[in-house]
Amino acid sequence: MASIFQAKKTALITGAASGVGFAIAKLCRSKGMHLALMDIDQTNLVKAKTMLHDLNPGLLTEAYVIDVADSEIWKATAQQIAKLFPSIDLVVLNAGKGYKAQNQGKDKLSPWVDGEYWQKTFDTNVRGPLNGLAALLPLLRTAETTSPKAIVITGSKQGITNPPGAGNPAYNASKAAIKSLTEHLAHDLRSDPVTSHITAHLLIPGWTWTGLMGNVGPTDEKDVQKPAGAWYPSQVADELFRGLESGAFYIICPDGETSRAQDQARMKWACEDVIEGRSALSRWDERWKAQAAESIEADAKARGSL
């Protein structure tokens, strides 16, 4: 398939006012693409629009304030975008949020008795992308051209390895749901001749200095003081570019502390919990912890030497 990143094509990005979303928008702008920017943070969205417009004033740059959990706003906004932009070629459903349950950190069972915490997490992280798909797929499907188009949904390694140490089961579960639904989407798109020119991709960042960690707003990364092991959002955007250019579905990003081989070994161990009949999340179970660490280290070394 031809590259999605072409001049005069359009990228629609949610969570575009900061972090990975803003970095992807900058990447798209560097390729000469029009931009439809979406975020709930109006102040930073305006700043992002101004910064990206100034990079190339001759291209379309529009901003739309949206709560991705609101399906009606999604539908109305999608129609506005369709009227203004010549096409929608790259859709990046990136907006996400991590919430904390009441008394989280003080009581290990607090997430399990706080229904609002689960509702808010799934409204943004799962319903948000689903609302976006419901609003945008009809436009992509009925477009006159069959030129290549791509849908990227941002997941997380926490949706695969499911670390309990994160203290946030709702976030992990929401990203596990994103992995599942994006896999189904990819299958359904490629199986239908009408949509076979539309591909779906799962972006899986590692430890990244984003708004979830306090890096809020559109920033120049040279001015950002991040933890040594974290990646800049631009590094994730670059990994996305390489993944889309190669046609990858799973676009897994390493970071400054975790290599690709370590990621693969950890994911393999997690999957084998089911196959081998081990305890749930055995990597953190005292009965399996030592064996898990030894096995993952050996597996990672073997993968790293390939």
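All of these numbers come straight from a predicted model, not from anything done at the bench. Values below: all heavy atoms of this structure, side chains included; hydrogens, waters and symmetry mates excluded.
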Inset, instruction - Group every Ile, Leu, Val, Met, Phe, Trp and Tyr by side-chain heavy-atom contacts under 4.5 Å, then state whether Ile66 and Leu60 land in the same group. - result: yes
Inset, instruction - Using a strict cut-off of less than 4.0 Å between a Lys/Arg side-chain nitrogen and an Asp/Glu carboxylate oxygen, indicate whether Arg303 and Asp299 qualify as a salt bridge. - result: yes
Legend entry - cation_pi(Arg127, Trp74) dist<6.0 Å, angle<=45: no
Inset, instruction - Given side-chain hydrogen bond (donor to acceptor under 3.5 Å, both in side chains), test Arg283 with Thr161 step by step and report yes or no. - result: CA-CA 9 Å; Arg283 183 175 150 202; Thr161 57; 4.6 Å; no
Legend entry - Backbone of Gly206 reached by a side-chain donor or acceptor of Thr208 within 3.5 Å: yes
Inset, instruction - Please confirm whether the backbone N or O of Gln262 pairs with a side-chain atom of Ser259, one donor and one acceptor, at under 3.5 Å? - result: yes
Legend entry - Inter-residue atom distance Thr124.OG1 - Gln119.CD, 0.5 Å rounding: 10.0 Å
Inset, instruction - Output yes when a side-chain donor or acceptor of Thr50 lies under 3.5 Å from a complementary backbone atom of Val46, and no otherwise. - result: yes
Inset, instruction - List the steps, then state whether side-chain contact (heavy atoms from CB on, under 4.5 Å) holds for Leu59 with Lys8. - result: CA-CA 8 Å; Leu59 295 170; Lys8 307 301 182 181; 3.9 Å; yes
Legend entry - Pair listing, salt bridge (Lys or Arg N to Asp or Glu O under 4.0 Å) test, anchored in residues 254-264, at least two apart: Lys157-Asp263, Glu239-Arg260
Inset, instruction - Search all heavy atoms of Leu35 against all heavy atoms of Ala25 and return the closest pair with its distance. - result: CD1-O, 3.7 Å
Legend entry - Non-hydrogen side-chain atoms of Asp107 and Trp112 separated by less than 4.5 Å: no
Legend entry - Side chain proximity check, Gln102 to Tyr117, heavy atoms < 4.5 angstrom: no
Inset, instruction - Using a strict cut-off of less than 4.0 Å between a Lys/Arg side-chain nitrogen and an Asp/Glu carboxylate oxygen, indicate whether Asp192 and Arg141 qualify as a salt bridge. - result: yes
Legend entry - Partner set under side-chain contact (heavy atoms from CB on, under 4.5 Å) for Lys120, not counting sequence neighbours: Tyr99, Glu116
Legend entry - Inter-residue atom distance Leu93.CG - Leu133.CG, 0.5 Å rounding: 5.5 Å
Legend entry - Sub-4.5 Å side-chain heavy-atom contact between Ile81 and Met38: yes
Inset, instruction - Identify whether Ile160 and Leu281 are in the same connected component of the hydrophobic contact network (ILVMFWY, side-chain heavy atoms under 4.5 Å). - result: no
Inset, instruction - Verify, without hydrogens or angle tests, whether Asn172 (side chain) and Pro163 (backbone) share a donor-acceptor contact under 3.5 angstrom. - result: yes
Legend entry - Side-chain donor/acceptor of Thr14 to backbone N/O of Ala95, under 3.5 Å: yes
Legend entry - Joint cluster assignment, Trp118 & Leu109, ILVMFWY side-chain distance < 4.5 Å: yes
Show every donor-acceptor pair shorter than 3.5 Å between a side-chain atom in residues 289-297 and any protein atom, with sequence neighbours excluded, or say none if there are none.
from, atom 1, to, atom 2, distance (Å)
Lys289, NZ, Glu286, OE2, 3.0
Glu297, OE2, Lys301, NZ, 3.4

Inset, instruction - Rounded to the nearest 0.5 Å, what's the gap from CD on Gln79 to CG on Leu136? Could you check? - result: 9.5 Å
Inset, instruction - Answer whether the closest heavy-atom distance between the side chains of Ile151 and Leu137 falls below 4.5 Å. - result: yes
Legend entry - Distance in Å, Leu12 CG paired with Asn94 CG, rounded so as to fall on 0.5 Å steps: 11.5 Å
Inset, instruction - Please answer: with hydrophobic residues joined when any side-chain heavy atoms are less than 4.5 Å apart, are Val126 and Val91 in the same cluster? - result: yes
Inset, instruction - Run the numbers on Asn131 and Ser71 for side-chain hydrogen bond (donor to acceptor under 3.5 Å, both in side chains), then give the verdict. - result: CA-CA 5 Å; Asn131 288 337; Ser71 61; 4.6 Å; no
Legend entry - Flag side-chain contact, heavy atom, 4.5 Å: Pro86 against Thr10: yes
Legend entry - Inter-residue atom distance Ile153.CD1 - Asn125.CG, 0.5 Å rounding: 12.0 Å
Inset, instruction - State, yes or no, whether a side-chain contact exists between Leu90 and Cys28 at a heavy-atom distance under 4.5 Å. - result: yes
Legend entry - Minimum heavy-atom distance Ser279-Trp288, with the two atoms named: OG-CD1, 3.5 Å
Inset, instruction - Show the numbers, then the answer: is there a side-chain contact (heavy atoms from CB on, under 4.5 Å) between Phe22 and Ile13? - result: CA-CA 8 Å; Phe22 180 69; Ile13 304 164; over 6 Å; no
Inset, instruction - Hey, could you give me the CG/NE2 distance between Asp89 and His34, rounded to the nearest 0.5 Å? - result: 9.0 Å
Legend entry - Closest approach of Ile40 to Val65 (non-hydrogen atoms, all atoms of both residues): O-CG1, 4.0 Å
Inset, instruction - Report yes or no: does Asn103 contribute a side-chain atom to a donor-acceptor pair with the main-chain N or O of Ser110 at less than 3.5 Å? - result: no
Inset, instruction - Would you please test Ser174 and Thr121 for side-chain contact (heavy atoms from CB on, under 4.5 Å) and show each step? - result: CA-CA 7 Å; Ser174 72; Thr121 303; 4.0 Å; yes
Inset, instruction - Flag yes if Tyr171 and Val113 sit in one hydrophobic cluster, no otherwise; membership is Ile, Leu, Val, Met, Phe, Trp, Tyr, and two members link when side-chain heavy atoms are under 4.5 Å apart. - result: no
Legend entry - Ile24 side chain reached by Leu203 side chain, heavy atoms, under 4.5 Å: yes
Inset, instruction - List the steps, then state whether side-chain contact (heavy atoms from CB on, under 4.5 Å) holds for Leu37 with Leu45. - result: CA-CA 8 Å; Leu37 311 171; Leu45 183 60; 3.9 Å; yes
Legend entry - Residue pair Pro148 / Ile4: nearest heavy atoms and the distance that separates them: O-CD1, 3.3 Å
Legend entry - Any donor-acceptor N/O pair, Ser30 side chain to Leu27 backbone, under 3.5 Å: yes
Legend entry - Gln6 atom CD: more than 12 heavy-atom contacts under 6.0 Å: yes
Inset, instruction - For residues Thr199 and His201, determine if any side-chain heavy atom of one lies less than 4.5 Å from a side-chain heavy atom of the other. - result: yes
Legend entry - Minimum heavy-atom distance Lys49-Ala63, with the two atoms named: CD-CB, 3.9 Å
Legend entry - Heavy-atom closest pair, residues Trp209 and Ala230: N-CB, 4.2 Å
